[in-house]
Amino acid sequence: MPGRFALTAAPESVARCFGLAAIDDFPPRPAILPTQPIMVVLGGRAERAEAFADGPAAQLVRWGLIPGWFKATDRLPAMFNAPAETAAGNPAFRGAMRHRRCLVPATAFYRRTGGRSRTGPLSRFSIEDMPVFAMAGLMEPYMAPDGSEIDTAAILTVPARAPDAGLVDRLPVILRPEDFGRWLDCRHREPGDVADLFRPFCAADFSVETAG
DNA sequence: CCAGACGTTGTT
DNA sequence: GTCTGG
DNA sequence: CCAGACGTTGTT
DNA sequence: GTCTGG
């Protein structure tokens, strides 16, 4: 449940990690917050019916998924995370889970740690042998009342495993490069075919430092 | 059948 | 849109 | 997560 | 301080 993450790698580095044919330049972003634009990587035409590009492509979307059926008069929901355990059946995430699974490139994410009081220190999580890593995400287009369409996204989370339960309650789903293809292939893989990917790294797999 | 709900995490 | 509760 | 508002009434 | 909206 990162409520904050970072993407400070160079654009070429991100392009290489995700097999992107092209990438727009972007500045280092040490503190990315909900409702801000985030980069997502989606599958190409072979993997996704709505895709334009041949291969995986990056685009910017609003961090905070708005279900397509939300009415303008409703309060905008702040769905910046989605619990992976129930996402496939949840009306808010169901369509995206089936048709618009994506990757969210990051170099670190932030969480409060230490007990259930949730008043612990802010900790920075990174992965030593993966300077750029991928969080599993869901993308959903939203048609605004004025006719403009904005693309939105949420990051999937899972409960921390037993050894980490005292440190953090939930962690984002992190995908390994060998699983990118299967996750992004919404044409041939249904939610049930990718549910095995919903396991967190163990906190021991992260480098955790106190952060401001 | 219709009416109404449908979501997250959290103390920078 | 789609599911649940009444 | 942060930024910004923070009023009125009401009585199963 | 605490809630809401983004």
Side-chain angles (χ1 to χ4, degrees), chain A residues 1-8 27-40 49-50 60-102 104-126 135-146 148-161 164-174 186 190-192 198 200 203 206 208-212:
Chain A
M1 53 210 227
R4 168 174 162 183
F5 69 95
L7 181 61
T8 54
R29 296 178 64 196
I32 301 171
L33 302 171
T35 71
Q36 293 181 357
I38 61 173
M39 181 188 302
V40 300
E50 303 158 358
L60 288 176
V61 303
R62 173 192 189 266
W63 185 14
L65 187 149
I66 305 174
W69 40 263
F70 251 78
K71 296 177 188 69
T73 51
D74 295 338
R75 228 176 51 242
L76 279 181
M79 302 185 209
F80 40 91
N81 291 113
E85 313 92 289
T86 55
N90 187 320
F93 305 122
R94 184 188 158 120
M97 191 67 183
R98 183 171 193 75
H99 299 294
R100 288 173 305 277
R101 301 190 297 264
C102 65
V104 183
T107 50
F109 61 87
Y110 293 81
R111 285 255 25 218
R112 284 208 180 260
T113 52
R116 44 189 66 221
S117 66
R118 294 174 185 172
T119 54
L122 187 67
S123 295
R124 178 184 191 271
F125 291 72
S126 57
M135 298 186 286
L138 302 174
M139 194 275 268
E140 177 86 1
Y142 173 71
M143 184 68 75
D146 64 4
S148 64
E149 186 180 279
I150 62 172
D151 290 325
T152 70
I155 295 169
L156 287 158
T157 66
V158 280
R161 282 190 276 174
D164 308 325
L167 180 70
V168 287
D169 45 7
R170 299 184 72 84
L171 291 168
V173 174
I174 308 290
C186 301
E190 306 201 353
F198 295 159
F206 294 104
V208 185
E209 332 160 34
T210 304

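Per chain, numbering begins at 1; letters A, B, ... match sequence-line order. What you see is a predicted model, and the numbers here were worked out from it, not measured in a lab.
Where pairing requires Watson-Crick or G-U contacts shorter than 3.5 Å, the helical stems of DNA chain D with at least three consecutive pairs are D:1-6 with E:1-6.
In this structure, A:Glu140 atom CD and C:dT2 atom C1' are separated by 13 Å, rounded to whole Å. What separates CG of A:Leu65 from P of E:dG5 is a distance of 19 Å, to the nearest Å. Nucleotide C:dG1 holds its P atom 17 Å from the CG atom of A:Asn90, rounded to whole Å. The separation between A:Phe70 atom CZ and C:dT2 atom P is 16 Å, rounded to whole Å. Here the P atom of nucleotide B:dG10 and the CZ atom of A:Arg112 are 9 Å apart, to the nearest Å. As rounded to whole Å, 14 Å separates atom C1' of B:dT8 from atom CD1 of A:Ile38. When the C1' atom of D:dC2 is taken as reference, atom CZ of A:Arg62 falls 13 Å away, rounded to whole Å. In this structure, CZ of A:Arg170 is placed 10 Å from C1' of B:dT8, rounded to the nearest angstrom.
Residue A:Leu171 holds its CG atom at 7.0 Å from CZ of A:Arg111, rounded to the nearest 0.5 Å. Atom CZ in A:Phe93 sits 12.5 Å away from atom CZ in A:Arg100 (nearest 0.5 Å). Note that the CG atom of A:Leu65 and the CG atom of A:Asp151 stand 10.0 Å from one another [nearest 0.5 Å].
Nucleic acid contact for A:Pro83: sugar-phosphate only, since backbone atoms but no base atoms lie under 4.0 Å from a heavy atom of the residue.
A stacking contact links A:Trp69 to B:dC6: the aromatic ring centre lies within less than 5.5 Å of the base's six-membered ring centre, and the planes differ by less than 30°.
In terms of modelled atom types and a separation under 3.5 Å, the side chain of A:Gln36 and the main chain of A:Trp63 share no donor-acceptor contact.
E:dT2 and D:dT9 are spaced 24 Å apart, taking the P atom of each and rounding to whole Å. The separation of B:dT12 from D:dG4, taken at their C1' atoms, amounts to 15 Å, rounded to a whole angstrom. With both ends at atom P, the span from D:dA3 to B:dG7 equals 28 Å, rounded to whole Å.
In terms of phosphate contacts, A:Thr35 brings no side-chain nitrogen or oxygen within less than 4.0 Å of OP1 or OP2 of D:dC2. Within the 4.0 Å cut-off from OP1 or OP2 of B:dT9, not a single side-chain nitrogen or oxygen of A:Arg111 is found.
When all heavy atoms of A:Phe70 and A:Met79 are compared, the closest pair comes out as CE1-CE, 4.2 Å. Residues A:Val158 and A:Glu85 approach most closely at CA-OE1, 4.4 Å, considering heavy atoms.
Residue A:Leu122 has its side chain nearest to B:dT12 when only B:dC6, B:dT8, B:dT12 are considered. Closest to the side chain of A:Thr157, from the set D:dC2, C:dG1, B:dT9, is B:dT9.
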Inset, instruction - Apply ring pair (Phe, Tyr, Trp, His ring centres under 6.0 Å) to the pair A:Phe206 and A:Phe109, showing each step before the final yes or no. - result: CA-CA 10 Å; A:Phe206 294 104; A:Phe109 61 87; 5.4 Å; yes
